[in-house]
Amino acid sequence: MGNRVTDILNIKYPIIQGGMGNISDPNLASAISEAGGLGTIGVGTIPVEEVRLKIETMVKNTDQPCCVNIPISVHPDTEQVVKEVIKYKVPVVSLSAGNPSTLIPLFHEHDIKVICVTASVRQAKKAEKAGADIVVCEGYEAAGINALNESTTMTLVPQIVKELSVPVIAAGGIADGKGLAAALSLGAQGVQMGTRFVATNEAGFHPTYKKAILDASDEATMIIGRRFQKIRRVMKGEYAAILLELENGDMNLEEFMEKTDEDYHEIGAKKGNMKNGFINGGQIAGLIDDCPSVADLMKSIVKEAKEVLEISVRQL
Ligand SMILES: Cc1cc2nc3c(=O)[nH]c(=O)nc-3n(C[C@H](O)[C@H](O)[C@H](O)COP(=O)(O)O)c2cc1C
């Protein structure tokens, strides 16, 4: 496999890990980079000292390209996080949840490649104009915070590909080789996955989180925050159900934001406590029924994508 995404990022396979906010695990990220993809730690809202430790662990574990995801408008000290990324010469950053235009030239000055995460044609065009090297197109199927327009990966990828000159990576609803083949067929040059990587040996999450993904059906996720225009896709569970009930009652935006901050995500994802915390999860969770090593997963995705694309050609 090889294309513009693998060339720009200097990786073997066009498979990247999406940022995972405060629960990001540097061991998972480095395992993905070691296996030929692009591993990513997200900075969420974690203190800068902790960001530094996570970067140190990630780059100590692998000499392959790896990435830091910065949700621009979410982290309280984006400026300092940017300095850390530059200091440690992390080769790639992924920018989400904010305007990347002032940050992109800064990263480029330091030879850092920039991926921008978008969820509409308008955002994607803006990111390209601002200088993004690669644009991620994330559909509504995806785990975590989603865009209000609710566009799906299947509809959004070809529309963004049509408008951009830079390569596009598809995210949301991809967990196997068939998904990778589909994304390539739509014109994307790679995939970004989140939910699939949660159920891997290396992911340092609570077994309850992994089990929720393995046991999931196609109806296992739900959207919270719609009334407040703060859409987030999570796995169904006790706390998530209570949140929805409160949201449909008299809860206000401030209370909603407080009850869905990263602490509550950690309670679900790291402590496995679904009574008092929630877990992000994407609609593709229903397809995931094993918990392999990252290396085996990556190999099987690439092998299956090749087989599926060959079979598809023979059918026409
Ligand atoms: C646990 C978890 C946390 C996430 N946190 C972030 C984040 O901090 N920043 C971000 O841009 N995307 C975040 N996402 C979205 C992923 O990066 C990725 O784009 C998405 O999971 C892809 O869709 P999928 O879940 O269907 O694979 C998160 C996803 C998961 C599963």
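For ligands, and for the atoms within them, numbers begin at 1 and follow the listed sequence.
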I need the nearest protein heavy-atom contact for [atom]: residue, atom name and distance, please.
| atom | result |
| --- | --- |
| atom 31 (C) of ligand 1 | A143 CB, 3.5 Å |
| atom 1 (C) of ligand 1 | Y209 OH, 3.3 Å |
| atom 21 (O) of ligand 1 | G194 CA, 3.3 Å |

Taking the minimum heavy-atom distance to [atom], which of [options] ranks first?
| atom | options | value |
| --- | --- | --- |
| atom 25 (O) of ligand 1 | T195, V234, L287 | T195 |
| atom 9 (N) of ligand 1 | V43, D25, N69 | N69 |
| atom 2 (C) of ligand 1 | T45, I288, N280 | N280 |

(message) Quick check on G173 - does any of its heavy atoms sit under 4.0 Å from an atom of ligand 1?
(response) yes
(message) If the contact criterion is a heavy-atom separation under 4.0 Å, does G19 count as touching ligand 1?
(response) yes
Is the shortest N/O to N/O distance between [X] and ligand 1 below 3.5 Å?
| X | answer |
| --- | --- |
| H265 | no |
| E138 | yes |
| Q192 | yes |
| V117 | no |
| I284 | no |
| A171 | no |
| E141 | no |

(request) Please report the shortest heavy-atom distance between A240 and M222, naming the atom on each side. (result) O-CE, 3.5 Å
(message) Could you report the tightest heavy-atom contact between V121 and L156, atom names first, then the distance?
(response) N-CD1, 4.3 Å
Taking non-hydrogen atoms only, is [X] closer than 4.0 angstrom to ligand 1 via side chain, backbone, both or neither?
| X | answer |
| --- | --- |
| Y140 | neither |
| Q283 | neither |
| S96 | side chain |
| V136 | neither |

Atoms of ligand 1 close to [X] [distance to a heavy atom under 4.0 angstrom, numbered from 1]:
| X | result |
| --- | --- |
| G21 | 5 (N), 6 (C), 7 (C), 8 (O) |
| M193 | 27 (O) |
| G172 | 22 (C), 23 (O), 26 (O) |
| I23 | 1 (C) |

(request) Check whether the side chains of N273 and H206 place a donor and an acceptor atom closer than 3.5 Å, and report yes or no. (result) no
(message) With a 4.0 Å cut-off on N to O distance, would you call E247 and R227 a salt bridge?
(response) no
I'd like to know if the side chain of [X] and the backbone of [Y] have a donor-acceptor N/O pair within less than 3.5 Å.
| X | Y | result |
| --- | --- | --- |
| S24 | G42 | yes |
| E138 | A171 | no |
| T78 | I72 | yes |
| K54 | I41 | no |
| Q17 | G39 | no |
| D296 | P292 | no |
| R4 | D7 | no |
| N3 | Q189 | yes |

(message) If the test is side-chain hydrogen bond (donor to acceptor under 3.5 Å, both in side chains), which one of E56, R52, K83 qualifies with Y88?
(response) E56
(message) Tell me if the aromatic rings of F278 and Y264 count as close, with their centers under 6.0 Å from one another.
(response) no
